[in-house]
Amino acid sequence: MRLSQMLFVTLREDPAEAEIPSHKLLLRAGYIRRIGSGIYAYLPLMWRVLKKVSQIVREEMDATGAQECLLPQLQPADLWRESGRWDTYTQAEGIMFAMTDRQQRELGLGPTHEEVITTIAKDMIRSYRQLPLHLYQIQTKFRDEIRPRFGLMRGREFIMKDGYSFHTNEESLKKTYQDMAQAYSNMLRRSGLQFRAVDADSGAIGGSGSQEFMVLAEAGEDEVLYTEDGQYAANVEKAVSMPADAEPSPFATFEKRETPGTETIDKLCKFLKCSPTQVVKNVLYQAVYDNGMTVLVLVSIRGDQDVNQVKLLNELTKLAGNYQAKTVLFLTVPDAEAQRKWAAKSLPLGYMAPDVADDYIAGSKQVNSKFLRLVDRTAVELTNFVTGSNESGYHVVGANWDKEFPLPATVVGVRTAKKGDRAVHNPEQTLQSARGIEVGHIFQLGTKYSQAMGATYTSEQGEEMPFVMGCYGVGVSRLAQSAVEQSYDKDGIIWPVAIAPYHAIISIPNISDAQQVEVAEKLYAELNQSGIETLLDDRDERAGVKFKDADLIGIPYRIVPGRSLKAGKVEVVERATHKSHEILIDEVNSTLKQWIEAAIN
């Protein structure tokens, strides 16, 4: 492609809307253009990158025996109601674009396709002889993000590969799950990315086990906790660990003490000269279930620990049946406005005890009249601990469970694992931390969707059995931007060779020089003919502008037919290292071919 004929506009300044380096660079280099909030056009250079990523994904998926199809973006609400997810996706998470057609039928733009694919399997797969089956697609998906950010990282429209497998049993599912773990690792390795596979929470997709694939980058939204021995890695939402041992309490007897201005653990521990490991803090949450019931949740946890809201949400979802509900729509720390809707009297915030009385709640049909009391495992073994007194300005010391305070009946593990904690698999290993960008996620769904939607097959014994399912997603557009976030410098993007829009760019320093133009045209034709994808910068611009643009857009190799032409050579500059080589014109093709093959393989 000749740059003079291409839709190619670069910016010298960072766009005001962009927050992270990859977003800034993709806009500056003319790869994407913002059309609306979280909505971007993929311009010619970006589309070439996306096609290369998609091709790698296709090849790895096809190699496992998966079959490509294309599913509708527009999905009937009735399918989502069958699975029980319509309210979750349109109200709780609120990420589905929902609409009504002219016949007043409700529809959604698909953020995911479990319901559609399960319906297809239900209609078309009759016998165990048709299983296992694995279908996938590369499709545009939609999410109504509250705060779209970071360009293609958290957009409202994005390209994704999602695949779904159907099995007769868990053993068959686990084999495909392992095949996908290997295929995803291959995809990221072939794309030239540094990554880590980690244990993850299944979230709204559901199922038993799941694994995320994280591209390592400082700007990653997710925190990854791992051990140096390579035996453990997990997203912080899922990670488990052994906390530091609690220090012995200095308080031998139970008493109430005045502790003014100690609403936080730090202030309290300084005032009482004690360790936060000796404190039981009581954290209030407000859960709203899908039947409209509000439940006030009091979590008692050791003072040096934090509640992991994802783990808490999972525990509350397990308890949904106690409130005649199926799932949690919202989980928040209630602010003053929220409290006014259900509080019978002002709560002693910052000074609550595990036994704060239920009469603080003005119960109603929509508000449960009792606190749901949970205790984290870190607090269960504490003795002579410090906690609130249910009176502002006062705490109690030397308290014990089942003496001064009843131990809550429901013991949970909802603490947030953190860097420096001891590993569960080997206490001699401590957790390390890294930032990551989630680009892939695989799930063992089990029978969650098939049971809900009545999707069955006839077994060898003639029984109607629900499909055992798996689900596997890769963010194609997200992966492309994560590559930029992982690899750039002050001059611009440094694309991995495998997914760069072009392998090489020929920058003619002076288009008025007939010899430079002749050599450039010769190399341009020869390289493209031999399979080396090459751009020709034939614009009437200064050499400095061309070199800056070549660095900005990140093409792996820049060829300059300049001063070295007198010796029958051209300059070839490696984008990643800025290393310059003078190569004979007749050897450019073979040299680049060798470098490209080495980089890709």
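The residues of the chain are indexed from 1 along the displayed sequence.
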Pairs where residues 283-298 contributes a residue and the test side-chain hydrogen bond (donor to acceptor under 3.5 Å, both in side chains) is met, not counting sequence neighbours: Q286-W342

Residue pairs passing the ring-ring contact (aromatic ring centres under 6.0 Å, His included) test where at least one lies in residues 113-147, sequence neighbours excluded: H134-Y472

Salt bridge (charged side-chain N to carboxylate O under 4.0 Å, His left out) assessment of R58 paired with D62: CA-CA 6 Å; R58 276 194 179 92; D62 292 348; over 6 Å; no

Option among F166, Y164, Y449 that satisfies the ring pair (Phe, Tyr, Trp, His ring centres under 6.0 Å) test with F467: F166

Check: E223/S433 side-chain N/O donor and acceptor closer than 3.5 Å: yes

Pair K122 + E82: basic N to acidic O under 4.0 Å: yes

Pair Q73, Q139: side-chain N/O donor-acceptor within cut-off below 3.5 Å: yes

Donor-acceptor pair between S22 and Q481 side chains, under 3.5 angstrom: yes

Whether R373 side chain and P354 backbone form a donor-acceptor pair below 3.5 Å: yes

Summary of ring-ring contact (aromatic ring centres under 6.0 Å, His included) pairs that have at least one residue in residues 172-194, sequence neighbours excluded: Y184-F213

Test side chain to side chain contact (heavy atoms under 4.5 Å, CB included) applied to P72 - qualifying residues, sequence neighbours left out: V116

Q339 side chain to P334 backbone, donor-acceptor under 3.5 Å: yes

All salt bridge (Lys or Arg N to Asp or Glu O under 4.0 Å) counterparts of E115, not counting sequence neighbours: R85

Salt bridge (charged side-chain N to carboxylate O under 4.0 Å, His left out) pairs, two or more places apart, involving residues 307-332: E315-K318

Enclosure of I600 CD1 (heavy-atom neighbours >12, cutoff 6.0 Å): yes

Please tabulate, for side-chain N and O atoms in residues 188-197, each donor-acceptor pair with protein atoms closer than 3.5 Å (sequence neighbours left out).
residue : atom : partner : partner atom : Å
R190    : NH1  : E59     : OE1          : 3.1
R190    : NH1  : E60     : OE2          : 3.0
R190    : NH2  : E59     : OE1          : 2.5
S191    : OG   : M187    : O            : 2.8

More than 12 heavy atoms from other groups under 6.0 Å of CD on E464: yes

Summary of ring-ring contact (aromatic ring centres under 6.0 Å, His included) pairs that have at least one residue in residues 35-73, sequence neighbours excluded: H23-Y40

Electrostatic pair D376-R302, nearest N-O below 4.0 angstrom: no

Residue pairs passing the salt bridge (charged side-chain N to carboxylate O under 4.0 Å, His left out) test where at least one lies in residues 418-427, sequence neighbours excluded: D245-R422, R415-D421

Contacts of Y226 that satisfy ring-ring contact (aromatic ring centres under 6.0 Å, His included) - sequence neighbours left out: none

Any donor-acceptor N or O pair under 3.5 Å, side chains T112, E114: yes

Pairs meeting criterion salt bridge (charged side-chain N to carboxylate O under 4.0 Å, His left out) with involvement of residues 37-49, two or more places apart: R48-E533

Which residues share a side chain to side chain contact (heavy atoms under 4.5 Å, CB included) with F150, sequence neighbours left out: E19, I20, M153, E221

Distance-only side-chain donor-acceptor flag, Q137 / D162, under 3.5 Å: yes

Steps toward salt bridge (charged side-chain N to carboxylate O under 4.0 Å, His left out) verdict (R81, E106): CA-CA 11 Å; R81 288 199 172 95; E106 290 182 285; 2.6 Å; yes

D335 vs R340, salt bridge (charged side-chain N to carboxylate O under 4.0 Å, His left out): CA-CA, chis, key distance, verdict: CA-CA 9 Å; D335 57 18; R340 280 195 291 272; over 6 Å; no

